[in-house]
**Q** 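Sending over a structure as structure tokens; questions will come in a sec.
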Amino acid sequence: MKTGITPTRSENFSEWYQNLITAADLAENSPVRGCMTIKPYGWAIWELMRTEMDKRIKNAGVLNANFPLLIPLNFFNKEAEHVAGFAKECAVVTHHRLKMIDGVLQPDPDSKLTEPYIIRPTSETIIGDAMSRWVQSWRDLPLKLNQWVNVMRWEMRPRLFLRTSEFNWQEGHNVFATHEEATADARKMHKVYADYMEQVLATPVIMGEKTPDERFAGADHTYTCEQIMQDGKALQAGTSHDLGQHFAKSFNIQYLGKDGNLQHAWTTSWGTSTRMMGGLFMIHSDDDGLVLPPLVAPYQIVIIPISREENEQELNDYAEKFGEKLRSLDIRVMVDTSDMRSSDKMWKWIKRGVPLRIEIGAREMESGTLTITRRDIGKESKRTISCDDLYSSVSDLLKTIQQDMLERAKKRNEEMITSVESLSELESNLSNGKIGFFRIKYQETLCPKFDELIEKYKISRRCLDDKDSEYVYIAKSY
RNA sequence: CGGGGUGUAGCUCAGCCUGGUAGAGUACUUGGUUUGGGACCAAGGUGUCGGAGGUUCGAACCCUCUCACCCCGACCA
């Protein structure tokens with residue numbers, strides 16, 4: 001059978017992924033090294049994702065703000081671990097003017113900045129600086145803010161959506177009076193992320209704390225949402241950090257307590273990015289292309305008139321009218337009346353992952369029926385029903401699709417996790433080419449032998465298991 | 001920064017070894033026949049051959065320099 005995407009997932013997963021993105025018209029590589037251009041259809045998905053996430057962030061009592069793109073170099077220098085973590089991947093702004101010299105446009109040597117700026121790789125520092133001024137009294141706490149911005153990390157090995165030098169994200173930054181509140185907040189946002197990924201993206205999540213070797217630079221605790229891709233590799237889809245007093249001390253975020261004592265505050269930070277889109281695509285899509293869960297599909301339904309020349313106008317009008325009716329139910333509908341062969345239109349929207357496809361031909365127009373096909377199931381879900389029945393059941397149908405996609409992904413996840421007792425059992429699995437996550441006692445991994453396995457099989461500790469933190473998940477990762 | 005590779009039509013690439021003035025597939029445009037899971041026929045447009053210099057009567061091809069990008073390692077939301 002012909003597939004929408006070649007090669008298929010089993011033939012070559014990473015090439016399949018590249019072609020999936022091209023075929024679904026989501027994004028492309030840009031002229032700027034490591035940076036992608038997100039195309040309108042891809043950005044529409046991000047906007048929907050963002051809207052849902054923003055709602056949840058606001059429900060958590062956080063307002064949005066906006067800080068500068070550029071961060072003074074010395075800000076970065078204030079937290080030692082943080083610098084160590086990011087120094088190697090910073091884009092640096094050193095001049096403020098261009099000049100034509102010998103016919104070549106270049107930075108004007110006379111415009112050199114006395115202190116360079118770096119393009120934010122993350123904003124703990126510049127936000128920490130602001131917070132030191134905004135926090136004076138215990139009454140100013142907690143202070144919670146978030147920003148939706150792009151950041152830049154000069155990555156060595158970029159991949160569309162999964163790791164790009166520039167990416168879009170939200171970064172939340174909260175300040176608290178006590179350690180307990182901050183710890184609870186880091187945990188809370190971790191939970192907000194996991195719920196969001198399951199309920200909105202239909203992508204199941206493994207929740208846990210990062211081991212010290214994988215922790216965010218400058219954090220006491222990092223809580224992560226790990227996802228399992230169809231090839232068994234891990235994707236870190238979102239993290240929440242308990243920053244302790246590292247940044248409060250580096251940036252002097254201090255408040256006068258009820259007791260009259262000046263003390264350092266406690267901060268958290270938490271972020272999710274366009275990387276989550278990569279997870280969304282890699283978890284649900286199949287060999288015919290993208291499969292989108294209804295909640296983040298730019299078009300939840302596509303209507304394709306199956307027309308001949310003689311009845312084209314009539315059928316298009318009819319389809320438009322029905323599309324309008326569905327829109328009144330708050331459903332995002334595309335009626336494709338473009339001048340293409342109807343079979344071409346079908347493949348186009350299959351590849352773009354529209355959850356539900358409706359076909360209307362001349363006979364159906366007569367009888368008040370239509371043909372529907374679910375994207376997540378495919379051809380075998382094709383059936384003809386009356387317009388009235390669809391109208392009354394379509395909202396539930398979209399919910400069912402959303403739910404089924406989550407269940408399917410959850411089931412696959414279970415099959416992807418292997419429990420092992422010992423390092424030798426782990427190694428025999430790896431050497432046999434077993435893919436997926438491995439769950440093992442954390443203690444077992446604290447030895448040189450495990451470091452060898454890390455080298456040899458390119459695996460890493462993904463996280464301790466939140467359900468039982470004596471266990472750690474091991475996997476290859478993106 | 002190490003190791004390998006590639007720059008030729010919108011895209012994927014052939015041509016280079018053995019110099020003679022640029023091709024295929026695909027996409028695109030037009031017309032016709034088609035049309036419920038990827039149609040076919042015909043006609044048509046498309047290039048500073050990454051850049052600079054050199055050798056030559058003549059360079060996509062040979063030589064020198066240069067720039068960019070890709071893959072493998074260190075990094076990561």
Side-chain angles (χ1 to χ4, degrees), chain A residues 1-6 14-15 18-19 22-23 28-34 84-90 103-104 120-123 149-159 161-172 193 210 213-217 219 222 224-227 234-241 269-279 287-289 304-312 315 339-351 357-365 369-373 375 378-384 455 458 460 477-478:
Chain A
M1 197 176 74
K2 204 168 180 184
T3 55
I5 309 290
T6 39
S14 58
E15 211 176 307
Q18 295 279 344
N19 292 341
T22 307
E28 63 182 23
N29 276 315
S30 75
V32 183
R33 202 206 79 100
F86 286 105
K88 280 178 285 183
E89 48 186 63
C90 287
V104 181
R120 63 183 162 216
T122 177
S123 305
V149 294
N150 52 349
V151 294
M152 176 156 273
R153 300 179 186 178
W154 210 262
E155 297 292 351
M156 292 298 123
R157 311 210 44 216
R159 294 193 67 173
F161 290 106
L162 301 177
R163 187 175 43 240
T164 46
S165 292
E166 181 191 20
F167 58 93
N168 288 271
W169 76 343
Q170 57 72 210
E171 49 176 327
Y193 284 165
K210 283 287 185 191
D213 53 322
E214 299 282 336
R215 208 180 269 154
F216 177 74
T222 288
T224 179
C225 295
E226 298 287 322
Q227 301 187 322
L235 187 76
Q236 180 178 316
T239 47
S240 178
H241 313 292
S269 70
W270 28 279
T272 55
S273 72
T274 41
R275 169 182 276 187
M276 247 187 333
M277 298 176 80
D287 294 337
D288 279 338
I304 299 175
I306 310 290
S307 53
R308 291 170 189 282
E309 215 170 309
E310 57 271 21
N311 64 4
E312 191 177 334
L315 210 48
D339 188 17
M340 283 202 284
R341 296 172 56 241
S342 40
S343 51
D344 288 340
K345 291 184 195 177
M346 281 180 210
W347 278 105
K348 172 176 172 178
W349 296 110
I350 288 169
K351 285 190 280 198
R357 183 173 81 240
I358 296 178
E359 295 162 32
I360 306 178
R363 289 190 304 277
E364 285 159 325
M365 184 165 59
T369 60
L370 38 75
T371 300
I372 58 173
T373 311
R375 176 65 185 89
K379 229 170 163 177
E380 54 198 80
S381 65
K382 194 165 179 171
R383 63 196 169 95
T384 301
E455 282 292 315
K458 311 264 180 268
S460 57
S477 79
Y478 277 103

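Bear in mind the structure is a predicted one, so any value in this text is a computation, not a measurement.
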**Q** Find out whether A:Gln170 and A:Trp270 are in side-chain contact, i.e. whether some heavy atom of one side chain is under 4.5 Å from a heavy atom of the other.
**A** yes

**Q** For B:U56 versus B:C63, give the span between their C1' atoms, rounded off to a whole number of Å.
**A** 12 Å

**Q** Nearest to the side chain of A:Arg341, which nucleotide is it out of B:G37, B:A77, B:G38?
**A** B:G38

**Q** Rounded to whole angstrom, note down the P distance from B:A24 over to B:U66.
**A** 36 Å

**Q** Classify the side chain of A:Ser342 versus the base of B:G36 as yes if they form a donor-acceptor pair under 3.5 Å and no if they do not.
**A** no

**Q** Does B:C65 pair with anything, Watson-Crick or G-U wobble, both distances under 3.5 Å, and if so, with which nucleotide?
**A** B:G51

**Q** For B:G20, what is the paired nucleotide under Watson-Crick or G-U wobble rules, both distances under 3.5 Å?
**A** B:C57

**Q** With a 3.5 Å limit on both atom pairs, tell me what B:A9 is paired to, counting Watson-Crick and G-U wobble, or say none.
**A** none

**Q** Indicate, with a heavy-atom threshold strictly under 4.0 Å, whether A:Thr272 touches base, sugar-phosphate, or nothing.
**A** nothing

**Q** For atom P, what is the distance between B:C17 and B:C62, given to the nearest Å?
**A** 5 Å

**Q** Find the partner of B:A77: check Watson-Crick (N1-N3 plus N6-O4 or O6-N4) and G-U wobble (N1-O2, O6-N3) distances, both under 3.5 Å, and reply none if neither fits.
**A** none

**Q** Look through every strand shown and name the nucleotide pairing with B:G2 as Watson-Crick or G-U wobble, where both distances are under 3.5 Å.
**A** B:C72

**Q** Provide the distance between the two C1' atoms, one in B:C16 and one in B:C75, to the nearest whole Å.
**A** 39 Å

**Q** RNA chain B: A:Glu364 or A:Asp344, which has the more 5' nearest nucleotide?
**A** A:Glu364

**Q** Below 4.0 angstrom from OP1 or OP2 of B:A39, is there any side-chain N or O of A:Ser343?
**A** yes

**Q** From the list B:C76, B:G36, B:G37, which nucleotide is the closest neighbour of the side chain of A:Ile350?
**A** B:G37

**Q** Measure OH/A:Tyr478 against P/B:C75 and give the value in whole Å, please.
**A** 19 Å

**Q** Is A:Lys382 near enough to B:G37 that one of its side-chain N or O atoms lies under 4.0 angstrom from OP1 or OP2?
**A** yes

**Q** Answer with yes or no whether the side chains of A:Thr222 and A:Glu214 bring together a donor and an acceptor at under 3.5 Å.
**A** no

**Q** Expressed as a whole number of Å, how far does the P atom of B:A14 sit from that of B:C76?
**A** 37 Å

**Q** Checking base pairs now: Watson-Crick or wobble, both atom distances under 3.5 Å. What partners B:C28?
**A** B:G44

**Q** What is the distance, rounded to the nearest whole Å, between atom CZ of A:Arg163 and atom P of B:C71?
**A** 10 Å

**Q** Counting just side-chain N and O atoms, does A:Arg153 come under 4.0 Å of either OP1 or OP2 of B:C75?
**A** no

**Q** Atom CZ of A:Arg215 and atom P of B:C76: how far apart are they, to the nearest Å?
**A** 14 Å

**Q** In whole Å, what is the span from the CD atom of A:Gln18 to the C1' atom of B:U12?
**A** 14 Å

**Q** Tell me the partner of B:G38, counting only Watson-Crick (N1-N3 plus N6-O4 or O6-N4) or G-U wobble (N1-O2 and O6-N3) with both under 3.5 Å; none if nothing fits.
**A** none

**Q** Take the protein atom CE of A:Met152 and the nucleotide atom C1' of B:C75, then report the distance between them rounded to whole Å.
**A** 15 Å

**Q** For the residue pair A:Thr373 and A:Ser381, confirm or rule out a side-chain donor-acceptor distance under 3.5 Å.
**A** no

**Q** Expressed as a whole number of Å, how far does the C1' atom of B:G50 sit from that of B:A60?
**A** 12 Å

**Q** Please give, in whole Å, the distance from B:C76 C1' to A:Gln236 CD?
**A** 8 Å

**Q** Between B:G51 and B:C61, how far apart are the P atoms? Round to whole Å, please.
**A** 10 Å

**Q** According to a cutoff of under 5.5 Å between the ring centres and under 30° between the ring planes, does A:Phe167 stack with the base of B:A77?
**A** yes

**Q** Nearest-Å distance, CD (A:Glu28) to C1' (B:C69)?
**A** 15 Å

**Q** Determine the interatomic distance between C1' on B:C28 and the same-named atom on B:A9; round to the nearest Å.
**A** 11 Å

**Q** Taking NZ from A:Lys345 and P from B:A39, how many angstroms apart are they, rounded to a whole number?
**A** 14 Å

**Q** Return the 5'-most residue of the pair A:Asn29, A:Ser273 with respect to RNA chain B, ranking by each residue's nearest nucleotide.
**A** A:Asn29

**Q** Between A:Glu155 and A:Thr164, is the side-chain contact (heavy atoms from CB on, under 4.5 Å) condition met? List the steps.
**A** CA-CA 7 Å; A:Glu155 297 292 351; A:Thr164 46; over 6 Å; no

